[in-house]
Visitor: 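Before anything else, here's the structure in question.
Computed from a predicted model, the values in this text were never measured in an experiment.
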Protein chains: 4
Amino acid sequence: MAPAANRRERERKRHREEILEAAEAVFAEKGFHRTTVEDVAARAEFSVGTLYNFFSSKEELFTSLIEKRIEQLSTTVTEVLEEVKAPEEAVRVLLRSRINHAFRHQGIISLDLLEYLHDHPLKMRQKMGALREQIQNRLIEFFREGMASGEFRSDLDPFDMTIALESLSHGFLFEWLTNPKKVDLRDKYEVIIRLFFDGVRKR
Amino acid sequence: MAPAANRRERERKRHREEILEAAEAVFAEKGFHRTTVEDVAARAEFSVGTLYNFFSSKEELFTSLIEKRIEQLSTTVTEVLEEVKAPEEAVRVLLRSRINHAFRHQGIISLDLLEYLHDHPLKMRQKMGALREQIQNRLIEFFREGMASGEFRSDLDPFDMTIALESLSHGFLFEWLTNPKKVDLRDKYEVIIRLFFDGVRKR
Amino acid sequence: MAPAANRRERERKRHREEILEAAEAVFAEKGFHRTTVEDVAARAEFSVGTLYNFFSSKEELFTSLIEKRIEQLSTTVTEVLEEVKAPEEAVRVLLRSRINHAFRHQGIISLDLLEYLHDHPLKMRQKMGALREQIQNRLIEFFREGMASGEFRSDLDPFDMTIALESLSHGFLFEWLTNPKKVDLRDKYEVIIRLFFDGVRKR
Amino acid sequence: MAPAANRRERERKRHREEILEAAEAVFAEKGFHRTTVEDVAARAEFSVGTLYNFFSSKEELFTSLIEKRIEQLSTTVTEVLEEVKAPEEAVRVLLRSRINHAFRHQGIISLDLLEYLHDHPLKMRQKMGALREQIQNRLIEFFREGMASGEFRSDLDPFDMTIALESLSHGFLFEWLTNPKKVDLRDKYEVIIRLFFDGVRKR
DNA sequence: TATGAATGAGGATTCATTCAT
DNA sequence: CATGAATGAATCCTCATTCAT
């Protein structure tokens, strides 16, 4: 392969990245439906035609973007959970990962939450669902373990526990997205941990 | 007033209701953007023109619908909280109201959660925000009381506690909406209560 | 015929008049296209349905209105021209009639001028054209007479003279309609007469 | 700049012209309200979408068209009046310009006259008004001069004289537009001049 | 590949007209 | 006759997508 071919390939990849970043910014700001392909093209400083050289449709552009973010989160989460042994530790590192991911991709996170049910093509729902399930299953193992060891109470369903953990992190995330000045998300890490493990009642 | 005028008025009100119900069903199914006015008209068994005799735009139709549901929830919640004295009791009745409301208006609830951030006219966000804040403030009072009486732990911020409670109920709601067959929401009432008050750790 | 039948008929006629007057006001204010049938109905304090009991369409309502005004003008003009003998006198009384008519029906006059070419159904154009032609022909006779008697110059075409007279009266009318405060139309009577008969050049 | 960019730019300009010309033809034929955007698109042999790439609304298309014609007339009139010294000469060249302009843009001229009062956005009325006032003021100067030199009679208001001149040219224009076969506008130049300067009375 | 003008199906909205009461 | 809710054809406008250069 000629060196020029390599450079061309690298450039192509870089342009693709630039488009995805522009898309993330605009979609996050305006939502999928209110965003026009031209909006994204303008932000990316390319023409619409060029966008269509990289993505076959607006839908695919959006999908590619979300999938990429899911994969990134997936990779990170898998990695961190891999090295963990204790249940409580698992909850902590998972939460940390999520919060960090949210910080890096604030914008798109909201879409991820908000337009999830309605507007996604089936394929993507499956992909998001798969990651979610993967995390849930891993957590369920940990929760079972924790129950067995007497660390966690046994009158709760492990699946419900995953829902609860997810809910709490989403809830504070959402609050932060809606009102970024009022809340500092990183301060909430400890709050979520305390609430999840011990509840609000005085012991 | 002639009797005919009365009947006409009653009919008009009924037709308005029918349109709102049709709108609720279709918006819930397809989301705001994917729903056409003709979709709603067809479901309501009216012509598009008739819809515009009741609502000045698609936007207003949607807004009216959401506002109506918010007001219903607001009324209920206000009523039940009125009679409550103890903090723990407050949490319980609030949760009950929410779950019941969700059952009655399953469809639109999802929009309420999902499209909240994007696409809504400011006025509506304010209306939704007002109800939320009202509930939060009432809860904060209860939580302060509970802390004073030693019932609740004092190292949590009352506002954060409201976020946590809201998150948990939204999370399970969401799960139920996404997967109504798998989960029975009414069973989750006790789960949420337990989690919120006592957390997952064994005592 | 029962007396009641008479009253009914009188009422019907009165209602028709009321609708026409409302129509004149609204059409004059907003123009034909921007006026809705409901606008007229509201101004007349009737329902739309009632309007359709009197006029078979919006078009016909408009047409009836214009025709009525044309007939009024026609009657007046015919009357005044009937009694006139001298050419110069004819011009004077014609002008007077026009200006008076314009005063009474200021609003609709503008439509009469402005939407003449484009929006009228053929029948109406013919009707308006007929009146115009009738006046023109009468004037042409007078002008011919005036030329024969040496009162008017002979190097002008009598038809052109009618156009000129009409133009001058329309022009000042238009100015008055556009800017009613600045110009008092009745003051312009003498100006038009002087211009038409003697032009601007000093003798 | 690449040569291609230049050609593209030229083409774009040409297409814009073509659309304006099509619009002139259709608006002139049917009037603003009866003309649909699709009518114009069809006449221009473009799709509706393309029209909207050039003009943001039907209204703006119309406005742009009228403004363009006004500017053309304005330029011409300003130029010809610049070089004139004598009052009578001023009237002659002004009239010539108007008649020539009318010949070139027959169609739209009628709108210019007929739909002037109603339906126009304020901005346009001001633009048209500005040109008119500019011409009027220039003429008023000439008329004052002519009065001072004893060329014109002094018992007429200069402003009224401008109205009269305008009326006469509009009147014959109008007649020609309504009935182009019967009248040759260019023949009327002399008629208008004679009427305006000397009136119909024999001296 | 990059460009951006052209396309046209799709959707929101209006309003003259009808008709059951 | 009077009413006014219901109708739906007509029309403006948007924007994802294509394609010639």
Side-chain angles (χ1 to χ4, degrees), chain A residues 8 11-12 15 33-42 45-61, chain B residues 2-5 7-9 11-12 15-16 19 33-41 44-61, chain C residues 8 11-12 15 33-42 45-61, chain D residues 2-5 7-9 11-12 15-16 19 33-41 44-61:
Chain A
R8 208 177 280 165
E11 285 236 310
R12 191 172 160 74
H15 289 177
H33 289 288
R34 292 208 204 248
T35 296
T36 68
V37 175
E38 189 152 328
D39 286 341
V40 177
E45 299 184 294
F46 282 109
S47 70
V48 281
T50 301
L51 261 66
Y52 277 87
N53 284 334
F54 287 93
F55 304 94
S56 68
S57 70
K58 183 189 175 187
E59 187 80 44
E60 204 221 295
L61 169 58
Chain B
R7 195 190 47 238
R8 208 175 258 180
E9 213 173 307
E11 285 234 310
R12 196 173 157 76
H15 290 176
R16 198 188 136 97
I19 292 167
H33 291 288
R34 292 206 207 254
T35 296
T36 70
V37 175
E38 205 167 301
D39 286 341
V40 178
E45 297 184 293
F46 283 110
S47 70
V48 280
T50 301
L51 262 66
Y52 279 90
N53 285 337
F54 287 93
F55 304 95
S56 67
S57 68
K58 183 187 174 189
E59 183 82 37
E60 205 222 293
L61 170 57
Chain C
R8 210 177 279 164
E11 285 237 308
R12 192 173 157 74
H15 288 178
H33 289 288
R34 294 208 204 248
T35 296
T36 69
V37 175
E38 189 153 328
D39 285 342
V40 178
E45 297 183 296
F46 281 109
S47 70
V48 282
T50 301
L51 262 67
Y52 278 87
N53 284 333
F54 287 92
F55 304 93
S56 68
S57 70
K58 183 188 175 187
E59 187 80 42
E60 203 221 297
L61 169 58
Chain D
R7 195 191 47 239
R8 208 175 260 179
E9 213 173 307
E11 285 235 308
R12 196 173 158 76
H15 290 176
R16 198 188 135 97
I19 292 167
H33 290 289
R34 292 206 207 255
T35 296
T36 70
V37 175
E38 205 168 301
D39 286 341
V40 178
E45 298 185 293
F46 282 110
S47 70
V48 278
T50 301
L51 262 68
Y52 279 91
N53 286 337
F54 286 93
F55 304 95
S56 66
S57 68
K58 183 188 172 187
E59 183 82 39
E60 205 221 293
L61 170 58

Visitor: Check the distance between E:dA16's C1' and C:E60's CD and give it to me in whole angstrom.
Guide: 14 Å
Visitor: Which nucleotide sits closest to the side chain of B:T36: F:dT21, E:dG11, F:dA16?
Guide: E:dG11
Visitor: Enter the distance from B:I19:CD1 to B:L61:CG here, rounded to the nearest 0.5 Å.
Guide: 8.0 Å
Visitor: Roughly, in whole Å, what's the span from NE2 in B:H33 to C1' in F:dA16?
Guide: 16 Å
Visitor: Taking OP1 and OP2 of E:dT1, is either one under 4.0 Å from a side-chain nitrogen or oxygen of A:H15?
Guide: no
Visitor: Closer than 4.0 Å, any side-chain N/O of C:S47 to the OP1 or OP2 of F:dG4?
Guide: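 It does not, given that no N or O in the side chain of C:S47 lies less than 4.0 Å from OP1 or OP2 of F:dG4.
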Visitor: Nearest-nucleotide wise, let me know which of A:T35 and B:F46 is further upstream toward the 5' end of DNA chain F.
Guide: B:F46
Visitor: Can you name the side-chain hydrogen bond (donor to acceptor under 3.5 Å, both in side chains) partners of C:E38, sequence neighbours left out?
Guide: none
Visitor: Looking at C:A41 and C:S47, what are the two nearest heavy atoms and their distance?
Guide: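 So the two residues come closest at CB-C, 3.9 Å.
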Visitor: With sequence neighbours excluded, tell me which residues meet side-chain hydrogen bond (donor to acceptor under 3.5 Å, both in side chains) with C:S57.
Guide: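 side-chain hydrogen bond (donor to acceptor under 3.5 Å, both in side chains) list for C:S57, sorted by chain: empty.
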Visitor: A:V48 near the nucleic acid: base, sugar-phosphate alone, or nothing, with a heavy-atom cut-off under 4.0 Å?
Guide: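 Result for A:V48 = base.
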Visitor: Applying salt bridge (charged side-chain N to carboxylate O under 4.0 Å, His left out), name anything that partners D:E60, two or more places apart in sequence or on another chain.
Guide: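 In terms of salt bridge (charged side-chain N to carboxylate O under 4.0 Å, His left out), with neighbours along the sequence ignored, D:E60 is linked to no residue.
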Visitor: Would you tell me if any nitrogen or oxygen in the side chain of D:R12 comes within less than 4.0 Å of OP1 or OP2 on E:dG4?
Guide: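 No, no such contact exists.
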Visitor: Atom CD of C:E45 to atom C1' of F:dT3: distance rounded to whole Å?
Guide: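 In whole Å, F:dT3 C1' lies 15 Å from C:E45 CD.
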Visitor: Roughly, in whole Å, what's the span from CD in B:E11 to C1' in F:dG4?
Guide: 12 Å
Visitor: Between P on E:dA5 and CD1 on D:I19, what's the gap in Å once rounded to a whole number?
Guide: 12 Å
Visitor: Please report, rounded to the nearest Å, how far the P atom of F:dC15 is from the CD atom of A:E59.
Guide: 16 Å
Visitor: Taking only heavy atoms on the protein side, list every residue of residues 50-57 of chain A lying under 4.0 Å from any atom of DNA chain E, sorted numerically.
Guide: A:T50, A:N53, A:F54
Visitor: Can you sort out the partners of A:F46 under ring-ring contact (aromatic ring centres under 6.0 Å, His included), two or more places apart, ordered by chain and number?
Guide: A:H15
Visitor: Could I get the full list of side-chain hydrogen bond (donor to acceptor under 3.5 Å, both in side chains) partners for A:E45, not counting sequence neighbours?
Guide: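 A:E45: no side-chain hydrogen bond (donor to acceptor under 3.5 Å, both in side chains) contacts found.
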Visitor: Whole-Å distance between E:dT3 P and A:E38 CD?
Guide: 13 Å
Visitor: What is the minimum heavy-atom distance between D:V37 and D:V48, and which atoms define it?
Guide: CG1-CG1, 3.9 Å
Visitor: Just to be sure I understand: a Watson-Crick pair is purine N1 to pyrimidine N3 plus N6-O4 or O6-N4, both under 3.5 Å. Using that and G-U wobbles, which stems of three or more pairs involve DNA chain E?
Guide: E:2-21 with F:2-21
Visitor: Go through the structure and list residues passing side chain to side chain contact (heavy atoms under 4.5 Å, CB included) with B:R16, not counting sequence neighbours.
Guide: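 Applying side chain to side chain contact (heavy atoms under 4.5 Å, CB included) to B:R16 gives B:L20, B:F54, B:F55, B:S64.
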Visitor: Could you check how far CZ of B:R34 sits from P of E:dA12, rounded to whole Å?
Guide: 14 Å
Visitor: Just to verify, what does D:D39 make a side-chain hydrogen bond (donor to acceptor under 3.5 Å, both in side chains) with, not counting sequence neighbours?
Guide: D:K30, D:T36
Visitor: With a 4.0 Å cutoff (strictly under), does any side-chain N or O of D:R8 reach OP1 or OP2 of E:dA5?
Guide: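 No, no such contact exists.
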